[in-house]
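Side chains are part of it too, since the values below use all heavy atoms of this structure and drop only hydrogens, waters and symmetry mates.
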Amino acid sequence: MSKEITSREKDYSQWYNDLILKGGLADYSAVRGCMVIKPYGFALWENMRDVLDKMFKDTGHVNAYFPLFVPKSLFEAEEKNAEGFAKECAIVTHYRLKNDPSAKGKLMVDPEAKLEEELVVRPTSEAIIWNTYKGWIQSYRDLPLLINQWANVVRWEMRTRLFLRTAEFLWQEGHTAHATKEEAIIETEKMLDVYADFVENWMALPVIKGIKTPNERFAGAEETYCIEALMQDGKALQAGTSHFLGQNFAKAFDVKFSDKNNKLDFVWATSWGVSTRLIGGLVMAHSDDDGLILPPKIAPVQVVIVPIFKSIEEKALIDEKVNALVHQLKANNIRVKYDDNDNARPGWKFAEYEMKGVPVRIAIGARDLANHVVEIARRDTKEKQSVSLDGLDIYIQNLLETVQQNMFNKAKAYRDEHCTNADTWEDFVQLLDTKTGFINAHWDGTPETEEKIKELTKATIRCIPLHNKQEEGTCILTGKPSKQRVLFARAY
RNA sequence: CGGGAGGUAGUUCAGCCCGGUAGAAUACCUGGUUUGGGACCAGGGGGUCGCAGGUUCGAAUCCUGUCCUCCCGACCA
């Protein structure tokens with residue numbers, strides 16, 4: 001057992017790190033807070049990206065690419081946005097190195113190569129994009145402008161964690177411009193639905209849709225919509241956000257258009273994004289002490305086939321069956337890998353692919369050939385059974401769908417069990433410490449109370465759920481009147 | 001950024017207190033036997049001890065600085 005994984009019970013954080021590192025998703029790098037995404041992890045991201053990209057295009061968006069650098073003067077144009085990100089920006093101040101005269105073989109920053117104006121490495125791209133949109137929008141005929149970009153951004157976080165919070169991360173950011181407020185709000189909500197659809201139906205992760213409180217709102221937004229997921233340790237994870245930006249950026253960057261009546265007005269904006277953080281959520285929500293468990297729809301390898309043989313003659317017979325099967329599965333668009341590497345024995349491969357979270361494993365040996373069957377093992381339940389070679393491709397197809405559905409159901413059952421109402425402060429604190437998860441409680445609606453609760457319990461308001469049930473009640477902390485419950489949790 | 005732990009073979013770690021030939025397991029290479037849940041035997045290769053200074057006849061070991069990682073906290077649109 002050279003690759004043992006720390007159990008969740010023993011050390012949840014270490015368990016998470018073990019899964020990422022030993023599952024081959026990512027590695028630490030020589031750069032503080034930055035990780036290397038390894039081929040297996042990147043294949044997972046590519047699958048996620050491809051699905052999302054299609055969803056964006058199906059809803060009328062197109063891709064473009066904007067610069068990594070933002071001149072400081074542009075960055076500071078939208079005041080609240082700039083202020084919100086100021087503390088975590090990387091800044092380029094020089095453009096040249098030179099030989100260090102006092103240390104042979106070393107380089108130093110050339111003081112003569114100081115930039116006139118510093119460049120901010122984008123922590124988000126609103127500034128550079130809205131500066132560009134100014135030149136693209138004159139008339140209502142130019143609207144709506146529906147653009148997405150796939151990019152990297154940098155946020156100089158104090159404390160980083162693989163995938164969940166890295167100094168540099170990959171994401172997509174949509175930036176749209178509209179003629180009316182109503183249209184922009186519809187867009188904001190539409191993209192939230194796209195995210196929820198993707199995370200639930202492709203990542204098998206149930207989410208709660210809602211809006212953020214003013215405290216938790218995106219810097220520069222009028223309203224921030226979000227989807228919140230629950231991890232196995234009872235902590236919440238913000239899985240995606242969609243912002244209604246009002247006319248804030250249009251005003252900051254002077255983006256006006258003429259409407260049908262030749263009346264000038266500022267455009268209405270949205271922005272929305274999900275990042276490689278989703279991979280962290282995927283890992284934390286589904287995996288177990290034996291390794292990753294990946295949902296079939298986005299798993300880099302959906303089916304792995306392991307041959308078991310005692311001689312090259314046996315191997316040849318197995319190859320013949322497997323090659324036909326691989327051909328069949330590929331024809332059905334199933335991502336299949338035949339691992340006939342003779343360096344590793346079957347038992348080793350079983351453990352390895354369990355660690356990597358491959359949803360379905362097929363083992364085939366002489367015994368199976370004689371009976372015209374294969375052994376099929378599911379990663380999610382660890383169940384094994386013999387299945388006839390006849391119609392196996394259909395069986396696999398169905399099994400992948402079953403696994404996908406089962407993973408979602410399991411995560412949803414856990415999430416639902418961990419949504420609890422609290423009506424007294426004692427219950428609230430007790431639930432946070434023992435049961436954990438989402439807690440539905442009344443709140444008096446003030447930022448001060450929210451802040452106080454965070455201070456006392458480390459729990460934040462994750463969101464005010466959409467279409468929230470209205471009911472009379474009293475605030476969990478202050479006892480003041482409240483009209484609805486909001487969703488509290490400790491969060492990543 | 002504060003507190004704690006750590007960095008020695010590809011990996012996990014011992015050695016450090018008390019300075020004196022760089023170690024184990026595993027992985028890797030070769031050959032053979034194996035193969036239905038992380039195989040076994042024999043042989044072999046692999047290290048600027050994170051980096052930079054200092055003390056010393058001599059530093060993985062002592063001292064100073066620095067970089068990186070993990071855990072807890074603060075921060076986190």
Side-chain angles (χ1 to χ4, degrees), chain A residues 1-6 10-18 20-22 27-35 78 80-89 103 105-106 122-127 153 155-162 164-167 169 171 173 212-221 224 226 237-238 240-243 245 271-273 275 277 290-291 306-312 314-315 318 340-355 361-371 373-377 382 384 386 454-455 458 460 491-492:
Chain A
M1 291 285 220
S2 61
K3 279 181 151 187
E4 203 162 339
I5 293 169
T6 308
K10 192 179 167 205
D11 186 340
Y12 192 85
S13 294
Q14 192 56 49
W15 167 77
Y16 174 77
N17 288 331
D18 282 354
I20 305 282
L21 298 170
K22 292 171 182 174
D27 211 345
Y28 294 117
S29 76
V31 191
R32 179 195 184 84
C34 297
M35 65 177 176
E78 208 295 327
K80 279 189 185 147
N81 185 251
E83 198 186 309
F85 284 103
K87 280 181 291 184
E88 48 188 290
C89 286
K106 302 290 182 190
R122 62 179 169 213
T124 181
S125 302
E126 274 80 2
V153 288
R155 297 180 187 179
W156 215 262
E157 302 288 354
M158 285 302 164
R159 189 174 162 204
T160 57
R161 303 194 69 183
L162 293 168
L164 290 178
R165 182 171 291 110
T166 46
F169 57 90
W171 78 344
E173 47 182 327
K212 290 291 187 188
T213 60
N215 270 0
E216 301 276 329
R217 200 176 277 160
F218 177 76
T224 288
C226 64
L237 182 79
Q238 177 177 299
T241 48
S242 184
H243 314 290
L245 301 174
S271 72
W272 27 274
S275 72
R277 177 181 232 204
D290 293 320
V306 177
I308 299 162
F309 56 91
K310 293 181 165 55
S311 66
I312 46 170
E314 272 184 26
K315 171 72 165 39
I318 292 169
D340 65 344
N341 179 355
D342 198 22
N343 292 338
R345 297 166 79 258
W348 190 90
K349 291 178 187 173
F350 294 169
E352 181 68 11
Y353 289 109
E354 273 164 18
M355 179 141 53
R361 182 185 73 229
I362 301 177
I364 176 165
R367 214 165 67 194
D368 303 299
L369 283 185
N371 297 322
V373 297
V374 294
E375 181 194 76
I376 294 197
K382 297 285 217 72
K384 289 194 277 199
S386 281
K454 184 179 176 184
E455 233 171 75
K458 290 177 206 156
T460 49
Y492 279 98

For A/D27, which residues count as a side-chain hydrogen bond (donor to acceptor under 3.5 Å, both in side chains) partner, sequence neighbours excluded? none
Sugar-phosphate means primed atoms, P, OP1 and OP2; the rest is base. With that split, encode nucleotides 31-37 of chain B 5' to 3' as B, S or - using protein heavy atoms under 4.0 Å. ---BBBB
Listed by chain and number, what are the side-chain hydrogen bond (donor to acceptor under 3.5 Å, both in side chains) partners of A/D368, not counting sequence neighbours? none
Classify A/R217 by what it touches in the nucleic acid, base, sugar-phosphate, or nothing, heavy-atom distance under 4.0 Å. sugar-phosphate
Pairwise C1' distance for B/U35 and B/A22, with rounding to whole Å: 37 Å
Given the C1' atoms of B/C72 and B/G36, what is the spacing between them in whole Å? 46 Å
Write down the partner of B/C70 under the Watson-Crick or G-U wobble criteria, each distance required to be under 3.5 Å. B/G4
Scan side-chain atoms only and decide if A/S271 and A/E126 contain a donor-acceptor pair under the 3.5 Å cut-off. yes
Just the atom pairs and distances: protein N or O near nucleotides 67-73 of chain B's N or O, under 3.5 Å.
| unit_1 | atom_1 | unit_2 | atom_2 | d |
| --- | --- | --- | --- | --- |
| B/U69 | OP1 | A/G33 | N | 2.7 |
| B/C70 | O3' | A/N17 | ND2 | 3.2 |
| B/C71 | OP1 | A/N17 | ND2 | 3.0 |
| B/C72 | OP1 | A/S13 | OG | 3.4 |
| B/C72 | OP2 | A/R159 | NH2 | 2.1 |

Expressed in whole Å, how much space separates the P atoms belonging to B/A5 and B/A42? 42 Å
Can you name the side-chain hydrogen bond (donor to acceptor under 3.5 Å, both in side chains) partners of A/E88, sequence neighbours left out? none
Under the side chain to side chain contact (heavy atoms under 4.5 Å, CB included) test, which residues partner A/A221, sequence neighbours left out? A/R217, A/F218, A/T224, A/H243, A/L245
Could you tell me how far B/C76 sits from B/U8 if I compare only their P atoms? Round to whole Å. 35 Å
Going by the rule ring-ring contact (aromatic ring centres under 6.0 Å, His included), which residues pair with A/F309 if we only count those two or more places apart in sequence or in a different chain? none
Pairing partner (Watson-Crick or G-U wobble, both distances under 3.5 angstrom) of B/C62: B/G54
The Watson-Crick or G-U wobble partner of B/G43, with both key distances under 3.5 Å, is B/C29
Integer angstrom distance from the C1' of B/G23 to that of B/G65: 30 Å
Contacts of A/W171 meeting ring-ring contact (aromatic ring centres under 6.0 Å, His included) (sequence neighbours excluded), chain-then-number -> A/F169
Test salt bridge (charged side-chain N to carboxylate O under 4.0 Å, His left out) applied to A/K315 - qualifying residues, sequence neighbours left out: A/D319, A/D340
